[in-house]
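These notes are about the structure you will find just below.
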Number of protein chains: 4
Amino acid sequence: MTKTKLAIFNSAIEIFSKSGYEGATMDEIAYNAGVAKGTLYYYFKSKEEIFQYVIKEGINVLDMKVSNALSSINVSIDKIIMLCRVQLELVYEHRNLFKVILSQLWGQELRQIEVRGIVRKYIMDIEKYLKEAIDDGTVKSSETSFMSYTFFGTVVAAAVYELINEDKVNLEEMEKNLTSYILKGIQNI
Amino acid sequence: MTKTKLAIFNSAIEIFSKSGYEGATMDEIAYNAGVAKGTLYYYFKSKEEIFQYVIKEGINVLDMKVSNALSSINVSIDKIIMLCRVQLELVYEHRNLFKVILSQLWGQELRQIEVRGIVRKYIMDIEKYLKEAIDDGTVKSSETSFMSYTFFGTVVAAAVYELINEDKVNLEEMEKNLTSYILKGIQNI
Amino acid sequence: MTKTKLAIFNSAIEIFSKSGYEGATMDEIAYNAGVAKGTLYYYFKSKEEIFQYVIKEGINVLDMKVSNALSSINVSIDKIIMLCRVQLELVYEHRNLFKVILSQLWGQELRQIEVRGIVRKYIMDIEKYLKEAIDDGTVKSSETSFMSYTFFGTVVAAAVYELINEDKVNLEEMEKNLTSYILKGIQNI
Amino acid sequence: MTKTKLAIFNSAIEIFSKSGYEGATMDEIAYNAGVAKGTLYYYFKSKEEIFQYVIKEGINVLDMKVSNALSSINVSIDKIIMLCRVQLELVYEHRNLFKVILSQLWGQELRQIEVRGIVRKYIMDIEKYLKEAIDDGTVKSSETSFMSYTFFGTVVAAAVYELINEDKVNLEEMEKNLTSYILKGIQNI
DNA sequence: AATGAATGAGTCTTCATTCAT
DNA sequence: CATGAATGAAGACTCATTCAT
């Protein structure tokens, strides 16, 4: 990625997260990147292509960070706990990327269907870790597909919480609560 | 709501859910409602106003259905269980409304900030039920604000699951899994 | 054709003849028609579609004028003579249409290939009259296909002559010369 | 002409003939010439200048080929016959140049008016030969200016014929027909 | 109560041209 | 000699909105 392309990438993520895909304008993206509008088209064929690049490159980073964080852990329940923590941190650190993805998850445009496909793959990676933990008995045997979606949803919840309550979040506290919620649920026993 | 206004309401929800706010066009909404474009402006001042009407009227329906479902239940843990069930049913039944809301949750446009305010209120209603259950000891004492967001997130998860896996969902099965997940978590004890 | 559509049609022919297809701008066409740019798109899907409408509608008029002029003539040599005259008059009267057609005859764009198809059909109509005249012996037996193209080319020559020498043309004189050229050639015997 | 300039010349003629002046892009011309876009501007000041170079250099070649072909012929009627033949061969051999010229003959842009001027001069050369033949009585006395345009038009006809009927042309046959048409016309006597 | 022709501001995209290397 | 990254003016097209009927 050249310096210019990187500037466009960063600008685009910001603008898309602020205005959504349709709401974002090439003018804004260019201005925010500090380049001329024509430059966008020197590096990308269209707005669509910028969007796809943002998503794919972004997901790559997430994937790498997740597998890095988990690679050194052997005990599967610890993996699950670390997964909670790392996902939460990613949501926090890459909140703009998450906003872009979550805003483009819902429609019937080709772009949106593709984003769903990407999220599906992302969630299937989570499922893998859950299956491991089920296999060695630390996690309840259950329908892992749905379970991984609820896991993902819980992370989204954190994004919504963070979005709605802005500045006031305490990441460590959230981590603790989230892990407890996921592992043990809410019921008092 | 006259017949024509209702037709516009239904059409708008459909189009907004398919294309998002910016992606939806007045032409499409009018055509889908079976009226002329001018008619939209006879009933609403602007696209913005149609959108707001859709959201507010939609949320009203959800609120009423939730309180109806819970009004006859006294035991607080049963209320929580029913809340799981009813939310899941609403996500399923009013999926288009949920798609509209969830797609408009993430940006910095006035409209999106307003939608977040509405969701915030909606989640605070959930919090009320959780507080009740904590008070009588059936639910663990915890940070209820965050807990209600995770609850909401889990419901969103169901929406995503349903969206990505389309047709193949089994609502009853999902209900059982969801309730177990929320109440007891995933860990084997 | 509504009044507005007609205004667009007339404007477009003028602008296309002045600037060619690519050189013409929608702004110019709209301004010249006395309507807003959006109005062009209310009546036509695209610039391309305006162009096609101009060509097809224009060719229709030519076809009708030719067959009207020839319908009342029975002697085939007189038909040929009248064909010379009427073609020349059409080139003169509809010079803008001819300019548009002749400028769009030469490339490999779909639009240009289509125009060639239309011209081909137009020339095949001429061929019909030549064949008749050959059948009754007033015109030399020859390769009629090529002959009709040369006939057409001679008409184009008149267009070029008229274009290059502007104002100074004497239509009657041209008619006489043209007919003599076509019927008897240039050689002195 | 250096090798690079020649490459640009050849590329430009090809692209202009395929897409017209406005339709041709500098990118395409550069790519087709196997050079970088900047190189075009090393050799030419602008697209306009490339175009003019193409036309002028092209017409030069035509002029030379015509005068070469006719220089050794003394009998004026033979000159006319050879003129037919050589023009037809040029149209065939340099069809791309003819397409460029013929597509740029019709508008009101400066460039197009200039092309008309060049064609005018080219036709006036033809006129010269016709005048000679009139002077010694082999060609009918007539308005030579118009006659030379019809002569040119007949050649254009061949171009159109060739363009529309592509591959299927038989050059020798065409030459015979064309010469007969020009010298003796179509009428049976 | 309802329409649909007309608008024009705003958007994406193209492309001739420049310039530092 | 030659390059190609970068530009920005200009063009096709969209669409929310208006208004006379």
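Note on naming: letters A, B, ... go to the chains in the order of the sequence lines (proteins, then strands), and numbering restarts at 1 for each one.
The CZ-P distance, from B:Phe51 to F:dA16, rounds to 14 Å in whole Å. Put simply, CG on B:Leu40 is 10 Å from P on F:dA16, counting in whole angstrom units. Residue D:Tyr31 contributes atom OH, which lies 13 Å from atom P of F:dG4 at whole-angstrom precision. In this structure, B:Lys5 places its NZ atom 12 Å from P of E:dA2, rounding to the nearest Å. Atom C1' of nucleotide E:dA1 and atom OH of B:Tyr43 are separated by 6 Å, given to the nearest angstrom. Whole-Å rounding puts the B:Ile15 CD1 to F:dC15 C1' distance at 15 Å.
Of the residues B:Ile55, B:Ile15, B:Leu105, B:Val115, the one that meets the side-chain contact (heavy atoms from CB on, under 4.5 Å) test with B:Val100 is B:Ile55.
Stem list for DNA chain E (at least 3 consecutive Watson-Crick or G-U pairs, distances under 3.5 Å): E:2-21 with F:2-21.
A cation-pi arrangement is not found for A:Lys47 relative to A:Phe16, the charged atom failing to lie both closer than 6.0 Å to the ring centre and inside a 45° cone about the ring normal.
Atoms CD1 and CD, on D:Ile113 and D:Gln108 in that order, are 5.0 Å from each other to the nearest 0.5 Å. Taken from CH2 in B:Trp106 to CZ in B:Arg116, the straight-line distance is 9.0 Å, to the nearest 0.5 Å. Once rounded to the nearest 0.5 Å, the distance linking OG1 of A:Thr4 with OH of A:Tyr43 reads 4.0 Å. Rounded to the nearest 0.5 angstrom, D:Ile101 CD1 and D:His94 NE2 are separated by 10.5 Å.
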Task: Nucleotide-resolved protein contact map, nucleotides 13-21 of chain E, B/S/- at heavy-atom distance under 4.0 Å - done: BBSBBB---
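Between the side chain of D:Ser103 and the backbone N or O of D:Lys99, at least one donor-acceptor pair lies under 3.5 Å.
Under the 4.5 Å side-chain criterion, counting only non-hydrogen atoms from C-beta, B:Val156 is not in contact with B:Phe98. With contacts defined as side-chain heavy-atom distances shorter than 4.5 Å, the pair C:Tyr21/C:Glu48 qualifies.
Heavy-atom nearest nucleotides on DNA chain E were determined for C:Thr39 and for B:Thr39, and the one closer to the 5' end corresponds to B:Thr39.
Residue A:Thr4 is in sugar-phosphate contact alone, with no base atom involved, counting any heavy-atom pair closer than 4.0 Å across all strands shown.
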